Amino acid sequence: MVLSKTSSESDVSVHSTFASRYVRTSLPRFKMPENSIPKEAAYQIINDELMLDGNPRLNLASFVTTWMEPECDKLIMSSINKNYVDMDEYPVTTELQNRCVNMIAHLFNAPLGESEAAVGVGTVGSSEAIMLAGLAFKRQWQNRRKAEGKPWDKPNIVTGANVQVCWEKFARYFEVELKEVKLREDYFVMDPVKAVEMVDENTICVAAILGSTLNGEFEDVKLLNDLLIEKNKETGWDTPIHVDAASGGFIAPFLHPELEWDFRLPLVKSINVSGHKYGLVYAGIGWVIWRSKEDLPEELIFHINYLGADQPTFTLNFSKGSSQVIAQYYQLIRLGFEGYRNIMENCRENMLVLKEGLEKTGRFNIVSKDDGVPLVAFSLKDNRRHDEFEVSDMLRRFGWIVPAYTMPPDAQTVTVLRVVIREDFSRTLAERLVCDIEKVLHDLDTLPAKISSNLAINGEEADKNVAVVIKKSALETQREITTVWRKFVLERKKMNGVC
Amino acid sequence: MVITTTNPDAEEQLHSTFASRYARAPIPKFKMPEKSIPSEAAYQIINDELALDGTPKLNLASFVTTWMEPECDKLIMASINKNYVDMDEYPVTTELQNRCVNMIAHLFNAPVGATETAVGVATVGSSEAMMLAGLAFKRKWQAKRKLEGKPYDRPNIVTGANVQVCWEKFARYFEVELKEVKLSEGYYVMDPLKAVEMVDENTICVAAILGSTLTGEFENVKLLNELLTKKNKDTGWDTPIHVDAASGGFIAPFLYPDLEWDFRLPLVKSINVSGHKYGLVYPGVGWVVWRSKEDLPDELIFHINYLGSDQPTFTLNFSKGSSQIIGQYYQLIRLGFEGYKNIMENCMENARVLKQGIEKMGRFKIVSKDVGVPLVAFSLKDSSKYTVFQISENLRRYGWIVPAYTMAPDAQHIAVLRVVVREEFSRSLAERLVADLERVVRKIDTLPSTESTKDGHITAIVDETRDSDGVAKRIKKSETEIEEETVTCWRRLVEGKRTGVC
């Protein structure tokens with residue numbers, strides 16, 4: 001007699017993931033689960049939830065690279081378990097970083113000999129790079145003031161109000177005052193004349209941006225340099241310049257080689273650039289280069305012995321992955337100068353296609369310039385019925401992420417939409433985007449305007465297709481102001497969230 | 001008549017990488033090359049040069065994870081192009097970070113309700129985590145002093161001399177004085193008594209280490225808490241504690257749940273842990289958790305709007321990859337409490353096997369304790385013939401990377417070798433390492449020692465330095481000898497201070 005034993009649950013490992021009990025339990029959010037789960041289930045559950053994230057390649061808000069060649073992906077995966085800081089154990093990886101620093105320094109015309117090693121370091125991004133550069137300036141200024149016997153407790157830094165949030169972080173965390181040059185309604189970058197006026201004896205440096213986050217414009221570093229030299233001659237303060245070339249550093253040398261913005265200008269002492277923007281590497285790498293050894297105070301450098309040879313390091317982060325450093329080197333030698341130039345020219349070309357397509361709709365003002373970072377910043381000619389934020393929201397329906405921002409003071413009445421053209425934004429995508437924007441405009445036109453819909457309370461029916469302009473009551477005006485203010489505050493914050 | 005024009009580029013495409021001209025050209029080191037090269041060639045050139053790097057898995061110097069499951073590798077590769085800071089665009093990834101913070105806070109017994117969100121953030125590593133924690137303490141202390149109308153320009157922090165280099169960085173970059181409690185022979189961690197003695201009105205916090213880099217030992221945080229509570233009562237200074245649990249944070253909760261070191265102690269206000277050490281994730285993620293909102297000054301937080309709701313952020317880095325954070329979440333839910341516990345128990349077991357094998361050789365003294373991070377630190381009983389540095393060098397020949405360090409002051413005459421037992425260091429590898437160590441020791445035994453040949457220079461008669469058995473006689477050292485030794489010792493101290501290994 002055979003006694004068959006029915007097991008109410010057959011061996012759990014037999015079940016396919018979606019047949020198993022793991023998809024019936026809710027995913028842990030607050031406490032570690034007690035028990036383990038099979039790796040396939042863990043993979044599937046996480047992977048599926050991540051599907052609800054935005055699509056990186058359709059994220060037109062970001063400058064950060066979202067595509068690399070498969071060969072590079074291979075290199076990245078094989079070095080993902082290498083801890084970069086183990087210089088002793090991974091000497092070749094360290095050497096690759098040094099080569100990248102050299103190449104980028106030469107790209108920026110650092111005054112180096114043929115085979116002289118440049119002074120610079122790989123960082124996790126421009127934030128860390130800017131903090132290191134700022135720290136160097138702060139220390140140099142403090143040392144100078146101490147030698148002169150003057151007070152050194154109130155350092156400040158002069159930048160434009162269009163500055164990216166990491167300068168504000170630097171100022172707050174390292175106790176440096178931030179003196180911002182306000183923008184104007186028609187001038188969205190730092191005015192060199194005003195900047196130099198604001199420089200005083202406590203200024204550790206003036207920071208210029210090559211490739212403003214808001215509209216991609218290059219600031220006039222040459223003019224700043226010339227004006228600052230004059231002022232330095234009068235005052236004897238010797239105030240230096242730092243160029244935040246986070247976006248522009250990998251564009252200007254290829255598209256505008258005659259533009260003088262880098263170490264060719266004598267007052268420029270350090271430059272930072274994001275490897276993960278137009279350096280064409282995935283998120284997680286930046287570079288900071290100093291003009292010479294004198295510009296990086298020795299006391300900030302920690303010395304590590306690398307198989308006998310001295311390896312100076314000066315970073316905020318310690319352990320980190322090696323993948324992005326290797327990927328940067330891959331890009332530099334794979335593409336070479338001509339490769340980068342071709343890609344930047346393509347970006348510029350596609351940017352012009354997008355710009356013309358938008359201009360042709362007749363509904364937009366183009367706020368960005370042709371020269372600068374390849375992006376298109378545009379605002380509605382008439383935003384009384386529907387504003388740029390609504391356009392941005394509706395574009396999401398098609399899958400596009402196009403952010404809308406208000407400008408910082410004193411240009412906060414201007415709202416823009418911004419599309420960043422990255423390497424992988426082809427002409428077809430540009431044309432498709434224009435198409436979808438036209439659809440959105442068409443849809444918005446049929447919707448009642450936000451403000452006028454409030455008037456229905458009064459019993460007046462606004463004609464659906466035509467906005468009825470009615471004199472606004474005091475309450476309406478109040479509400480409008482509150483809405484605009486709230487948006488301004490929201491967008492100021494949102495703007496800070498995008499690199 | 002056909003005139004054929006040769007298109008050199010088309011031909012190039014035919015060549016296999018090593019047949020092409022790219023394998024002949026010198027690789028660019030200083031300036032960007034003018035021309036592009038095919039992707040296969042670029043890949044091959046870099047890949048081959050990287051073959052000369054050490055093998056991550058045989059790197060026994062590092063605590064940092066070098067292996068993850070293939071499923072996790074898939075998740076990592078799929079998210080490599082997601083910029084973590086785009087919270088608006090990648091809300092699920094942001095949510096995963098928040099879940100990790102909650103889980104780790106609960107693991108450390110943070111006083112949060114069952115569904116209350118914890119205060120903490122993901123960082124690139126424990127360095128950033130400690131800098132953020134230090135910044136919070138500095139700002140709180142300054143605010144307190146300003147209110148009291150007292151000077152606030154000379155903050156200091158009290159730690160042990162065994163502290164990892166990033167505390168020194170924090171001190172130097174953020175202008176805080178570092179007051180180090182010196183070690184002593186036989187006691188290689190911070191002495192709580194001495195630490196509390198050093199606390200003064202300018203102390204922003206006392207930093208204890210759970211899992212010292214040098215020996216893996218856990219410092220006695222409970223005793224520190226008790227002594228400091230008493231001192232605070234006497235002085236009214238209210239000095240808090242920070243626990244640097246970079247290594248120990250993912251070990252103690254699983255192996256020693258009764259050990260009180262975390263938020264169960266009232267003075268502990270923040271804890272940092274490395275996700276990429278025993279959190280079992282690839283390099284690039286750390287965590288810092290605060291006890292409560294009050295311990296993180298609001299002025300340091302930048303507010304970013306995340307689909308309408310407020311997302312506070314407080315990190316030094318901005319753009320960075322999302323892969324490691326997703327990897328951490330994968331590990332937390334994949335392994336769960338029991339999974340982590342099993343892995344840590346295995347590590348301890350293999351560390352025990354290694355320790356016993358080393359002890360059996362009779363040449364070494366075990367410096368690490370049984371309770372702590374699973375590692376074995378050992379020194380030579382007799383360093384007259386050869387030193388641990390030579391053993392380390394010789395082990396490299398078998399592929400093993402086992403570092404040798406001198407201790408921090410005042411124990412700098414002690415040099416140790418250290419083997420860190422990570423998740424993938426199996427028992428067979430442990431046994432193999434012991435076998436190779438025996439080989440190395442046997443080999444060095446047969447070589448003439450370097451010291452005796454030095455002595456030979458002084459006396460100019462080599463034979464006099466050895467007796468018939470070839471054993472080096474102890475000869476009074478000359479001044480040069482002493483000088484050389486001092487320099488070597490000093491260089492090693494500096495090297496050892498590089499504690500370049502996290």
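Keep in mind it's a predicted model, so treat the numbers as computed, not measured. So you know, we letter chains A, B, ... as the sequences are listed, proteins then strands, and number each from 1.
In this pair, W167(B) and F170(B) present their aromatic rings perpendicular. The plane angle is above 60°, beyond the 30 to 60° band.
Your options are K82(B), Q324(B), M68(B), K57(B), and the one with the most heavy-atom pairs under 4.5 Å with chain A is K82(B). The greatest number of non-hydrogen atom pairs below 4.5 Å with chain B, out of R139(A), E116(A), E40(A), is found for R139(A). Note: V124(B) leads I326(B), V285(B), V124(B) in heavy-atom pairs under 4.5 Å with chain A. Interface check for chain B: of the options I326(A), L107(A), D153(A), the most heavy-atom pairs under 4.5 Å are formed by I326(A). Among N342(B), L332(B), T65(B), the residue making the largest number of heavy-atom pairs under 4.5 Å with chain A is L332(B). Your options are F337(B), Y43(B), Y340(B), and the one with the most heavy-atom pairs under 4.5 Å with chain A is Y43(B). Interface check for chain B: of the options M103(A), M51(A), R334(A), H106(A), the most heavy-atom pairs under 4.5 Å are formed by R334(A). Here L50(A) is the residue among L52(A), V281(A), L50(A) with the most heavy-atom pairs under 4.5 Å with chain B. Highest contact tally toward chain B, considering only K138(A), E128(A), E49(A), M131(A), is held by E49(A) [criterion: heavy-atom pairs under 4.5 Å]. When G284(B), G125(B), P56(B) are compared by the number of non-hydrogen pairs under 4.5 Å with chain A, P56(B) comes out ahead. Ranked by non-hydrogen atom pairs under 4.5 Å with chain B, the options I401(A), L132(A), I80(A) are led by I80(A).
Interface remark: I37(B) contributes backbone and side-chain atoms alike to the contact with chain A (heavy atom separation under 4.5 Å). Only the side chain of Q142(B) comes within contact range of chain A, with heavy atoms under 4.5 Å apart. When heavy atoms are compared at a cutoff of 4.5 Å, I333(B) approaches chain A by way of both its backbone and its side chain. For a residue to count as touching a neighbouring chain, one of its non-hydrogen atoms must lie under 4.5 Å from one of that chain's; by this rule Y329(B) touches chain A with backbone and side chain alike. Both the backbone and the side chain of L300(B) come within less than 4.5 Å of a heavy atom in chain A. With a 4.5 Å cut-off on non-hydrogen atoms, T315(B) touches chain A through its backbone and its side chain both. At a 4.5 Å heavy-atom cutoff, the contact between T66(B) and chain A is made by backbone and side-chain atoms alike. For chain A, the nearby part of M131(B) is the side chain; its heavy atoms alone come within less than 4.5 Å. Heavy atoms closer than 4.5 Å to chain A are found nowhere in Q331(B), neither backbone nor side chain. For L135(A), the part sitting under 4.5 Å from any heavy atom of chain B is the side chain, from C-beta outward, and nothing else. Only the side chain of F174(B) comes within contact range of chain A, judged by heavy atoms closer than 4.5 Å. Using a 4.5 Å cut-off between heavy atoms, N59(B) contacts chain A through its side chain alone, with no backbone atom that close. For L96(B), the part lying near chain A is the side chain, with the backbone staying farther off; criterion is any non-hydrogen pair under 4.5 Å. In this structure, chain B has no heavy atom under 4.5 Å from any part of I285(A).
Under 4.0 Å is where a charged nitrogen must lie from a carboxylate oxygen, and between R396(B) and E89(A) at least one such pair does. Note on R99(A) versus E49(B): salt bridge recorded, some NZ/NE/NH1/NH2 to OD/OE distance being below 4.0 Å. Ion pair R172(B)/E299(A) not flagged as a salt bridge, since none of the NZ, NE, NH1 or NH2 atoms sits closer than 4.0 Å to an Asp/Glu carboxylate oxygen. Salt bridge absent: E128(B) and K320(A) never bring a charged side-chain N and a carboxylate O closer than 4.0 Å. The residues K138(B) and E175(A) are annotated as salt-bridged, a charged nitrogen and a carboxylate oxygen being separated by less than 4.0 angstrom. Contact check on K39(A) versus E69(B) returns no salt bridge, with no Lys/Arg side-chain nitrogen under 4.0 Å from an Asp/Glu carboxylate oxygen.
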Discussion item. With ring pair (Phe, Tyr, Trp, His ring centres under 6.0 Å) as the criterion, how do Y173(B) and F314(A) come out once you've worked through the C-alpha distance, each side chain's angles and the decisive distance to 0.1 Å?
Written reply: CA-CA 10 Å; Y173(B) 297 163; F314(A) 172 42; 5.5 Å; yes
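Under the 3.5 Å distance criterion, with hydrogens and angles disregarded, a donor-acceptor pair is assigned to the side chains of S274(B) and S126(B). The closest side-chain donor-acceptor pair between D48(A) and Q44(A) falls under 3.5 angstrom. One side chain, D73(A) or Y282(A), offers a donor N or O that lies under 3.5 Å from an acceptor on the other. Side chain to side chain, S127(A) and N317(B) fail the donor-acceptor criterion of an N or O pair below 3.5 Å.
Using a 4.5 Å heavy-atom cutoff, the side chains of S322(B) and N83(B) are not in contact.
Side chain of E338(B) to main chain of S36(A): a donor-acceptor pair is present (N/O by atom type, distance under 3.5 Å, no hydrogens or angles).
Within 6.0 Å of the CH2 atom in W152(A), the count of heavy atoms belonging to other residues, nucleotides or ligands does not exceed 12.
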